[in-house]
Each structure stands twice: as structure tokens, then as C-alpha cells.
Number of protein chains: 2
Amino acid sequence: MSEILSAGSIEGVVRKDVPERVISRLPIYLQAVETIAAIGQTTVSSETLAAQSGVSPAILRKDLSQLGRSGRRGVGYSAQDLAATLRSFLGLDRAQNVAIIGAGRLGSALADYAGFQRRGLRLTAIFDSDEGKVGTTIGDLTVSAIADLATWADPIDLVVMAVPASAAPAAARIAAEAGVRGILNFAPTVLDTPETVRVQQVDLASELQVLAYYSALETATATPVEEHSN
Amino acid sequence: MSEILSAGSIEGVVRKDVPERVISRLPIYLQAVETIAAIGQTTVSSETLAAQSGVSPAILRKDLSQLGRSGRRGVGYSAQDLAATLRSFLGLDRAQNVAIIGAGRLGSALADYAGFQRRGLRLTAIFDSDEGKVGTTIGDLTVSAIADLATWADPIDLVVMAVPASAAPAAARIAAEAGVRGILNFAPTVLDTPETVRVQQVDLASELQVLAYYSALETATATPVEEHSN
DNA sequence: ACGTGTGAATGGATTCACAGCC
DNA sequence: GGCTGTGAATCCATTCACACGT
């Protein structure tokens with residue numbers, strides 16, 4: 001039934017309708033296969049790669065089969081080819097321009113942190129609304145006024161939002177108007193943006209609270225009765 | 001299969017077997033209902049709360065019904081009661097002790113960032129393996145040697161791991177041995193820990209790469225042939 | 001013989017729609 | 001009349017198991 005539903009073809013890679021769940025695992029596979037390639041391994045089996053990625057071999061094969069066939073039966077996947085396919089599929093072969101909004105402690109930390117460049121992303125600007133911070137430098141970037149984002153010369157694809165919750169909606173609106181395509185939001189606020197802008201939420205407290213639940217759960221169950229676990 | 005999945009009762013709140021998906025949404029509801037309560041609203045409907053949380057009303061009702069009934073038909077949910085129920089269910093009524101491992105830029109930023117205290121979490125320690133950093137202060141905490149974690153007096157429930165990928169596995173092992181129950185891992189590495197330690201992964205690059213996919217997808221479908229903008 | 005690719009089967013999660021209570 | 005709580009239906013995701021290429 002599912003023929004090709006939506007198809008933009010871009011540099012030879014056909015993008016079918018792939019569920020978000022699958023997409024969100026691809027960067028992990030990419031990370032894993034890159035480390036494997038770095039060790040000098042030329043091929044890798046679904047079993048090994050799945051273990052490195054923390055998923056089951058079956059789901060890894062099913063996921064990868066959706067990007068067009070990339071493995072060889074009886075052999076495995078070519079590490080080089082698979083990495084290239086994943087990068088291409090994720091749209092990383094021409095580096096995405098990333099800007100950070102918020103030059104506070106978190107923003108500056110994120111600017112350093114993570115091999116942006118090594119992972120197909122190019123950090124091109126940092127913005128802040130605080131006049132005092134504009135003009136200071138972080139790494140090799142100069143902080144710009146957030147108002148300048150609207151008329152920024154080099155088009156910005158993605159934004160990392162590292163501002164307080166109160167400032168986030170306004171910043172998001174400016175970003176959306178500037179044609180930004182995605183926002184990674186560290187502020188604990190649901191941003192409502194136009195359809196064209198995708199928002200990915202990262203909330204430190206929420207994630208810790210999930211862990212807190214399991215922590216408290218274990219404490220509670222550990223005490224009462226012995227549990228015949230396997 | 002396993003029938004007694006888990007049933008620890010803790011301060012009156014019965015913890016049934018609730019799927020992880022549901023658990024991961026509860027902190028968002030909590031955040032939303034707290035802001036609503038802060039404005040002085042005393043009750044809230046599933047429709048409003050769902051909109052604030054970015055989910056459908058149906059799923060919100062189903063989620064909340066799993067914590068025992070807490071809403072009134074024809075009226076909605078009491079903001080105060082619901083917040084209390086959620087906090088209790090998540091194990092936040094006695095604050096969880098949180099430690100940060102890694103006193104680099106990210107670690108120090110995270111130490112400031114987020115109203116830990118206000119959200120049921122108590123940041124009690126920061127560790128680093130760098131001798132040079134031990135003894136320095138961040139906020140009102142003094143950085144300790146990571147070796148001290150093993151014999152730390154005040155038991156630590158959760159750890160935020162803000163170290164380079166190469167240092168993460170060793171740090172995780174120390175944390176696990178110290179009886180830590182959960183790790184929020186900012187390093188792009190799959191940590192394999194004993195059953196007792198839950199790991200939640202936060203990978204900046206992966207999340208951006210997911211956004212990159214949709215960014216490139218839009219670009220491809222929106223401008224089929226022409227590619228040079230600006 | 002090995003390991004991918006994939007239909008079929010299973011298992012969950014979300015949505016629907018309405019009964020039941022305020 | 002309004003809004004929750006919840007079975008039933010639908011939709012989606014994962015696992016199984018094996019045919020097929022190398």
C-alpha cells in the first residue's frame with residue numbers, strides 16, 4: 001500500500017515518508033558507524049551496530065532498509081558507505097548553518113561543546129538581547145544583537161535557543177520570521193511557531209524528573225517484599 | 001509473563017505499572033499546571049492544559065486517569081491538587097539529590113541554569129577529575145574530586161554527566177558503584193550500566209541533526225529545482 | 001554459511017466517541 | 001450544558017522468522 005508518498009529528491013537520495021521515530025535514531029547510527037569507521041573497520045553487521053546504538057538488530061535493519069538498500073547479505077554494511085548514506089539522508093552533506101540565541105552561561109557552553117563542525121553543523125552566529133554582551137566574543141564568534149537576526153546575511157537553518165523562558169517566545173518569533181527551519185529549545189516553554197519551523201524540546205528538569213520517578217520507584221519496591229526476579 | 005510488575009505504595013500514592021511514554025509527559029504537565037496555578041487559576045480543563053503541554057486533550061485525560069482520578073466532570077482539574085498529585089507521583093515531594101559530574105563550561109552552566117530547587121531537585125555536589133578544578137567554587141558549591149563520590153556522605157540519587165565522551169564510561173561506573181539511581185548523560189556515548197541505574201541520553205548534535213533532516217526536506221520539496229537562494 | 005531485507009504477527013499507543021457525573 | 005473517564009477502534013512500532021543474495 002505504501003508507495004512513494006512524498007518525495008523530494010536531493011542529490012540522488014530519495015526521501016520517502018519516513019516516520020519521525022526512525023529519523024530520530026539515524027543520528028545515533030551515524031555516530032556509531034563513524035566511530036567504527038574511525039577504528040579502521042570496513043564493514044559492520046547489524047548486530048554490532050545495533051549494540052553500539054542501544055537498539056535491537058531487527059529494528060536497525062528495518063530502519064536502514066528504508067533509506068534504500070545499503071547492506072550486503074552475508075557480509076554486513078560498509079562503514080564508509082553507510083556513513084555517507086546517513087549523512088546525505090539527514091541533509092548533512094552541505095553543512096547546516098546553526099545560530100545560538102542567548103549568550104549566557106548555557107549559550108556559551110553550548111558554543112564550545114560538541115564537535116559541531118565534525119557532525120555536519122556549522123555554528124555561524126550567536127545572538128543576545130543584552131546590549132552589554134553584544135560585541136563580546138565567544139570562541140571565534142562575536143555576539144550580535146538579536147534584532148540583527150531578521151536581516152542576517154548568511155541564511156540560518158537552525159537555532160539553539162538558550163534564553164530564559166520569558167524571553168523564548170519573542171526570540172522564536174524573530175527566528176521564525178528570519179526563515180529559520182528548526183529550533184532546539186532549552187527553555188521550558190512550549191513554543192508555538194508556524195508550520196515551517198520545527199521545535200525540538202530539551203528540558204533538563206523534565207528529564208531529571210523522569211529519572212526521579214524511577215529512582216523513587218526503586219526505593220519503594222526495593223524495601224517491601226522480596227521480588228522473584230527471573 | 002510477569003503479573004506483579006510493580007506496586008510500591010509511597011506516601012499514599014500508588015504507583016501502578018505506567019508506561020515510560022506516559023511518565024515522560026508528566027513533568028510537562030506539571031510544568032504547565034504550575035504556571036497556570038501561578039496565574040491564580042484554580043481549575044483547568046484538559047483542553048487548556050493539553051494545549052499548554054503540546055499534546056491532545058484525549059491523551060492528557062488518559063494519562064492523568066492513570067494516576068487515580070483527579071479531575072471533576074463538568075469542571076476540570078484542580079490546579080493545586082493536580083500539581084500535588086504529579087509531584088508526589090514523580091517522587092518529588094522529598095527532593096532528589098542531584099550531582100553534576102564535570103565542572104567544565106557545560107557543567108557549570110547547568111549548575112546555574114534551571115530552577116533545580118523550584119522543581120523538586122536539590123543540587124548537592126559537583127565533581128571533576130581535574131585536580132586543578134577541585135576546590136574552586138561554582139555558585140555556592142565547591143568542586144570535589146570524582147574519587148570522593150564513592151564515599152560521599154549525603155546519598156546522591158541522580159547524576160548529570162557533563163564530561164567528554166572519553167571520560168563518561170569511567171565516571172558512570174563510579175556513579176553506579178556509589179548507588180546512584182539515574183544518569184542524565186550529555187556525552188554522546190551509550191553507557192552500559194547495571195540494571196539499577198537508568199540512563200537518559202541528551203545529545204545536542206543528534207537533536208540538531210534531526211532538525212537538519214526536516215530543514216533539508218522542506219528545502220528540497222519547497223524549491224524543486226532552484227537551489228541558490230539569497 | 002552468513003547476515004540482510006521483509007512480510008506476518010504481535011504488542012502498544014493514540015484517537016474516537018460516548019456514558020456518566022457535576 | 002460542560003467536561004472527565006474509559007471501552008472500542010484505529011493506527012503505528014517492534015519483534016519474529018525465514019527467504020534470498022553473496
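Numbers restart at 1 for each chain; the letters A, B, ... are given by sequence-line order, proteins then strands.
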Inset, instruction - Check each of B:Ile183, B:Leu110, B:Val202 against B:Val160 using the side chain to side chain contact (heavy atoms under 4.5 Å, CB included) test, and report the only one that passes. - result: B:Leu110
Legend entry - Rounded interatomic separation in angstrom, taking OH from A:Tyr77 and P from C:dG3: 12 Å
Legend entry - Atom-pair distance (CG on A:Leu60; P on D:dC16), nearest Å: 15 Å
Inset, instruction - Please check the phosphate of C:dG3 (OP1 and OP2 only) for any side-chain N or O of A:Ser46 closer than 4.0 Å. - result: no
Legend entry - A:Glu20 CD to D:dC12 P, straight-line distance once rounded to whole Å: 13 Å
Legend entry - Rounded distance (Å) that lies between atom P of D:dG1 and atom CD of B:Glu47: 18 Å
Inset, instruction - Figure out the CG/C1' separation between A:Leu49 and C:dG5, and round it to whole Å. - result: 16 Å
Inset, instruction - Could you tell me the separation between the CG atom of B:Asp17 and the C1' atom of C:dG11, rounded to a whole number of Å? - result: 14 Å
Inset, instruction - Calculate the interatomic distance between A:Leu64 atom CG and C:dT6 atom P; express it in whole Å. - result: 12 Å
Legend entry - A:Arg25 side chain near D:dA13 phosphate (N/O to OP1/OP2, under 4.0 Å): no
Legend entry - d(CG, A:Asp63; C1', D:dT14) in whole Å: 10 Å
Inset, instruction - Look at the side chain of B:Arg73 and decide which nucleotide, out of C:dC21, D:dT15, C:dT4, has an atom nearest to it. - result: C:dC21
Inset, instruction - Can you figure out which of C:dA17, D:dA13, C:dG5 approaches the side chain of A:Pro19 most closely? - result: D:dA13
Legend entry - 5' precedence on DNA chain C between A:Val75 and B:Val22 (nearest-nucleotide basis): A:Val75
Inset, instruction - Would you indicate which nucleotide in D:dG5, C:dG5, C:dT14 comes nearest to any side-chain atom of B:Arg61? - result: D:dG5
Inset, instruction - Taking only the side-chain nitrogens and oxygens of A:Ser56, find out if one of them lies under 4.0 Å from OP1 or OP2 of D:dT15. - result: yes
Inset, instruction - Using only heavy-atom distances, decide whether a donor-acceptor pair under 3.5 angstrom links the side-chain of A:Lys62 to the base of D:dT14. - result: no
Legend entry - Phosphate contact (D:dC3 OP1 or OP2) by B:Ser45 side-chain N/O below 4.0 Å: no
